[in-house]
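The structure appears right after this line, and notes come after that.
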There are 2 protein chains.
Amino acid sequence: MDAKTLALYEARAQVFKALGHPSRLLIVDELMQSERCVCDLTAIVGSDMSTVSKHLSVLKAAGVVQDERRGAQIWYRLRMKCVTKFFSCVESELQKQAREQWDLVHAGTTP
Amino acid sequence: MDAKTLALYEARAQVFKALGHPSRLLIVDELMQSERCVCDLTAIVGSDMSTVSKHLSVLKAAGVVQDERRGAQIWYRLRMKCVTKFFSCVESELQKQAREQWDLVHAGTTP
DNA sequence: CAGTCATTTGGCTAAACCGCCAATTGTGCA
DNA sequence: TGCACAATTGGCGGTTTAGCCAAATGACTG
């Protein structure tokens, strides 16, 4: 894998890595509904504001969200809109797998 | 966020976290074409086989891939098929953002 | 321009992650 | 059974990440 290809894969990986944390998923979930200021998100996530701010900078660096200052507040909105589709996909796949797992266990207990 | 909701978000986050590494993205990319044994993937990724094996166990734990032993070899295939769509989405979004960035810089240099 | 509110940054510790090596397990074959 | 090959597991050092607190920045208000 040459350097250029690696850089490509790293940029893509950065997006998924940014989504790979419960608090950040919650934030994205919230931003799917409407834009929010940091204070809103802090209340929703329930961590320190500095922690939430760092989560937001991770999402921003990956290109997932976008920020805009309006007066003293900074508002965040979803930039990478298509992530919406990821969620439903992952959700349904995980449910399917849970169902398969369940079937497997049941087949074992009642042969 | 109650415990049950947190567990849900953690399961989803696990999927994205699994995809959040260049080598693992490369592996998934490869598995999108066809199933592969660990020896194949080791050659493609170019790391130690133990490293690749651990990457695979991460992907498997997240439900992204599935393994099957055939003789002395173990074959991996894509389980969460819909991740295919993530890639094109992320790819086009990143390109769009790069383009916007370029436009921005150009507008600044030639006002 | 002092004070206050919203947000980010720096610094710290604990935990998680990456990649390699060495050792172990599982499979097929003589 | 003994050997060779495929793959996983355990363990180590170095790097990254998470969360909190404290301090700094930015912006409005009197």
Side-chain angles (χ1 to χ4, degrees), chain A residues 1 3 6-7 9-28 30-31 34-62 64-77 79, chain B residues 1 3 6-7 9-28 30-31 34-62 64-77 79:
Chain A
M1 188 153 58
L6 179 63
Y9 273 97
E10 270 172 351
R12 295 176 200 172
Q14 196 183 10
V15 173
F16 292 114
K17 194 151 53 164
L19 296 173
H21 189 285
S23 301
R24 291 198 287 264
L25 280 186
L26 181 55
I27 289 172
V28 171
E30 207 61 30
L31 295 181
S34 121
E35 61 179 2
R36 301 265 192 260
C37 65
V38 182
C39 52
D40 287 341
L41 295 169
T42 298
I44 291 162
V45 172
S47 304
D48 194 89
M49 186 179 274
S50 68
T51 301
V52 173
S53 174
K54 281 175 186 172
H55 280 313
L56 286 167
S57 78
V58 169
L59 288 168
K60 184 176 152 191
V64 177
V65 305
Q66 193 172 21
D67 63 344
E68 181 193 349
R69 167 149 248 151
R70 285 211 283 277
Q73 296 179 324
I74 300 186
W75 292 79
Y76 280 85
R77 72 168 85 73
R79 184 179 190 188
Chain B
M1 189 154 56
L6 179 63
Y9 274 98
E10 270 170 352
R12 296 177 201 171
Q14 199 184 4
V15 173
F16 292 114
K17 195 152 52 167
L19 296 173
H21 189 285
S23 300
R24 292 197 289 264
L25 280 187
L26 181 54
I27 289 172
V28 170
E30 208 61 29
L31 296 180
S34 123
E35 63 179 0
R36 301 263 192 261
C37 66
V38 182
C39 52
D40 288 341
L41 295 170
T42 298
I44 291 162
V45 172
S47 304
D48 194 271
M49 186 179 274
S50 68
T51 301
V52 173
S53 174
K54 282 176 186 172
H55 280 313
L56 286 167
S57 78
V58 169
L59 288 167
K60 184 176 152 191
V64 178
V65 305
Q66 194 170 21
D67 62 344
E68 183 193 347
R69 164 150 250 150
R70 284 210 283 278
Q73 297 177 325
I74 300 186
W75 292 79
Y76 280 84
R77 71 164 134 310
R79 183 178 191 189

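Sequence lines set the chain letters: A, B, ... in the order given, protein chains first and strands last, and positions in each chain run from 1.
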Heavy-atom side-chain proximity of A:Ile44 to A:Arg36 below 4.5 angstrom | yes
Would you say a side-chain N or O of A:His21 is under 4.0 Å from OP1 or OP2 of C:dA15?
-> no
Which heavy-atom pair separates A:His55 from A:Ile27 by the least distance, and what is that distance?
-> CB-CD1, 4.1 Å
Hey, is the main chain of B:Ala72 close enough, under 3.5 Å, to the side chain of B:Arg70 for a donor-acceptor pair?
-> no
Letter per nucleotide, 5' to 3', of nucleotides 1-12 of chain C [B base touched, S only sugar-phosphate touched, - untouched; heavy atoms, 4.0 Å] = -----SBBBBB-
A:Arg12 side-chain N/O to A:Gln14 backbone N/O, donor-acceptor pair under 3.5 Å = no
With axes from five pairs an end, tell me the bend angle of the helix from C:dC1-D:dG30 to C:dA30-D:dT1, nearest 10°.
-> 20°
Where is the tightest heavy-atom contact between A:Cys37 and A:Gln73, given as atom of each residue plus distance?
-> SG-NE2, 4.1 Å
Which residue pairs pass the salt bridge (Lys or Arg N to Asp or Glu O under 4.0 Å) test when at least one of the two sits in residues 46-62 of chain B, sequence neighbours left out?
-> B:Lys60-B:Asp67
Return no unless some side-chain N or O of B:His55 is found under 4.0 Å from OP1 or OP2 of C:dG19.
-> yes
B:Ile27 CD1 - C:dG19 C1' separation (whole Å) | 13 Å
How is A:Lys60 classified with respect to the nucleic acid when contacts are heavy atoms under 4.0 Å: base, sugar-phosphate, or nothing?
-> nothing
Would you classify B:Arg70 as touching base, sugar-phosphate or nothing, given that sugar-phosphate means primed atoms plus P, OP1 and OP2, and contacts are heavy atoms under 4.0 Å?
-> nothing
Give the first and the last nucleotide of DNA chain D, reading 5' to 3', that has any atom under 4.0 Å from a heavy atom of chain B.
-> D:dA6 to D:dG11
Residues A:Leu25 and B:Ala13: closest non-hydrogen pair is CD1-N, 3.4 Å
For B:Pro22 and A:Leu6 the tightest heavy-atom approach is CB-CD1, 4.3 Å
Partner residues of A:Arg79 under the side-chain hydrogen bond (donor to acceptor under 3.5 Å, both in side chains) criterion, sequence neighbours left out | B:Gln97, B:Glu100
How far apart are the closest heavy atoms of A:Val15 and A:Ala62, and which atoms are they?
-> CG2-O, 3.5 Å
What residues form a side-chain hydrogen bond (donor to acceptor under 3.5 Å, both in side chains) with A:Glu10, not counting sequence neighbours?
-> none
